[in-house]
Protein chains: 2
Amino acid sequence: MTEVEKTLDNKSVRPTAMRILIYKFMASKNTAVALTDIENAFEKAERTTLYRTLKTFEEKGIVHQIDDGTNISKFALCQPGCNCEIDQDLHLHFHCSHCDKTVCLTEHKIPHINLPAVYIAEDANLVIKGICDSCSDH
Amino acid sequence: MTEVEKTLDNKSVRPTAMRILIYKFMASKNTAVALTDIENAFEKAERTTLYRTLKTFEEKGIVHQIDDGTNISKFALCQPGCNCEIDQDLHLHFHCSHCDKTVCLTEHKIPHINLPAVYIAEDANLVIKGICDSCSDH
DNA sequence: AGAGATCATGCAACAGAAGTGCATTTAATG
DNA sequence: CATTAAATGCACTTCTGTTGCATGATCTCT
């Protein structure tokens, strides 16, 4: 059993060939990926399979879904200690308007907001938009 | 000239019948509206017209677009003093997972975040999800 | 190992939102 | 009123997300 297989197994996800490929692909990226990104990376991939794989990954806490304001769902691997399943890992995300990439800023957490008592906050999403490190170089 | 017509005119937007209707509709709501919401409110409305009207409104600073995490673009009228055009009115938004409505919390601004210097922040979007005031009553 | 159950995948199809091109109508201007 | 510019309506396309169903792969239990 490889490392990836162990990881999936630990999360009660059957380590099929496709899933391992998808996991490795996401691990190789330091940016969040959209369904279409994966689809384009693997010629042979079925959109539905990818879709359901990502759903499964998300349910099992392997990835978390990111909404970066592009109206396209993106996904990123959960880092060790990511508690996104219980809405406790509210790190923020950065979306680059130049290269259109989205990254997790896991070190930066969403500050606590004092809402009127009538609102019950359960989750939060903070996206900073601008120019990312790669694009600001030139 | 009515109040609404003046408002549109001030923003260099021709106050056509359709635009006035759309403006009034949005003003009558205290929640952000999606294109489809407007479409359903006016039987005779053409989707394209609404689409382009909202685009125009947004460009001219009459409304601002809200991304509440549903992957459906919503829009809300800018309040007096809303500086969303120059990315200076970073109020947050609340999305109710029960009634699916999204509201502007104009009193609550997004706190400043210290990013690594290589990132150039230009805009920010913070959405709190949970149960809204109406839904938490019962 | 084999039978049966369970889960993953592939294929087809659909729904909804977003967006574009073009012709026509409506409104502004001289 | 004639000309010009802008707004609207219609048709159509693209893209993302989603579901149903049949088939293939994998696990379990004896």
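Convention: sequence-line order gives letters A, B, ...; per-chain numbering from 1. Computation of the quantities below employed the complete heavy-atom set of this structure, encompassing side-chain atoms and omitting hydrogens, waters and symmetry-equivalent molecules.
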Polar side chain donor-acceptor pair, [X] to [Y], under 3.5 angstrom:
X      : Y     : result
B:E5   : B:T2  : yes
B:H108 : B:H93 : no
A:S73  : B:N71 : yes

Nearest-angstrom distance from the residue atom [atom1] of [X] to [atom2] of [N]:
X     : N      : atom1 : atom2 : result
A:E59 : C:dA8  : CD    : P     : 10 Å
B:L54 : C:dA17 : CG    : P     : 13 Å
B:R52 : C:dA18 : CZ    : C1'   : 12 Å
B:Y51 : D:dG9  : OH    : P     : 17 Å
B:D67 : C:dA18 : CG    : C1'   : 14 Å
B:I72 : D:dT16 : CD1   : P     : 16 Å
A:M18 : D:dG24 : CE    : C1'   : 15 Å
B:L50 : D:dA7  : CG    : P     : 15 Å

Taking the nucleotide of DNA chain C with the closest heavy atom to each, which residue, B:R14 or B:N71, is nearer the 5' end?
->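 Between the two, 5'-proximity favours B:N71.
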Quantify the bending of the helix from C:dA1-D:dT30 to C:dG30-D:dC1 as the angle between its end axes, each fitted on five pairs, to 10°.
->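 Comparing the first five pairs with the last five, the axes sit 30° apart.
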Looking at [N], I'd like to know if its phosphate oxygens (OP1 or OP2) sit under 4.0 Å from a side-chain N or O belonging to [X].
X     : N      : answer
A:T53 : C:dA8  : no
B:R19 : D:dT8  : yes
B:T16 : C:dA27 : no

Considering the options A:H64, A:E107, A:K109, A:Q79, which one meets the side chain to side chain donor-acceptor pair (under 3.5 Å) requirement together with A:H91?
->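 Between A:H91 and the candidates, side chain to side chain donor-acceptor pair (under 3.5 Å) is satisfied uniquely by A:H64.
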Sub-4.0 Å heavy-atom contacts from residues 28-40 of chain B onto DNA chain D, ordered by number =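 Residues of residues 28-40 of chain B under 4.0 Å from DNA chain D: none.
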Reported OG1-to-CD1 distance for the pair B:T53 and B:I22, which is rounded to 0.5 angstrom |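 These two atoms lie 4.0 Å from each other.
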For A:K129, does the NZ atom have more than 12 heavy-atom neighbours from other residues, nucleotides or ligands under 6.0 Å away?
->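 Result for NZ/A:K129: enclosed.
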For the ring pair B:F94 and A:Y119, is the centre-to-centre distance below 6.0 Å?
->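 Centroid distance B:F94-A:Y119: below 6.0 Å, so yes.
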Select one nucleotide: of C:dT9, C:dC11, D:dA7, the one nearest the side-chain heavy atoms of A:E46.
->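 Of all the options, the side chain of A:E46 is nearest to C:dC11.
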Of A:D67, A:D68, A:T31, which meets side-chain contact (heavy atoms from CB on, under 4.5 Å) against A:H95?
->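 Of the listed options, the one satisfying the test is A:D68.
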With a 4.0 Å cut-off, would you call B:K55 and B:E58 a salt bridge?
->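 No, no charged N to carboxylate O under 4.0 Å.
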Over all atoms of both residues, closest heavy-atom pair of B:K74 and B:D100 |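 In terms of heavy atoms, the two residues are closest at NZ-O, 4.0 Å.
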Would you classify A:T48 as touching base, sugar-phosphate or nothing, given that sugar-phosphate means primed atoms plus P, OP1 and OP2, and contacts are heavy atoms under 4.0 Å?
->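 The answer is base, as A:T48 lies within the cut-off (heavy atoms under 4.0 Å) of a base atom.
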Looking for any heavy atom pair under 4.0 Å, which part of the strands does A:S73 touch: base, sugar-phosphate only, or nothing?
->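 It contacts sugar-phosphate atoms only.
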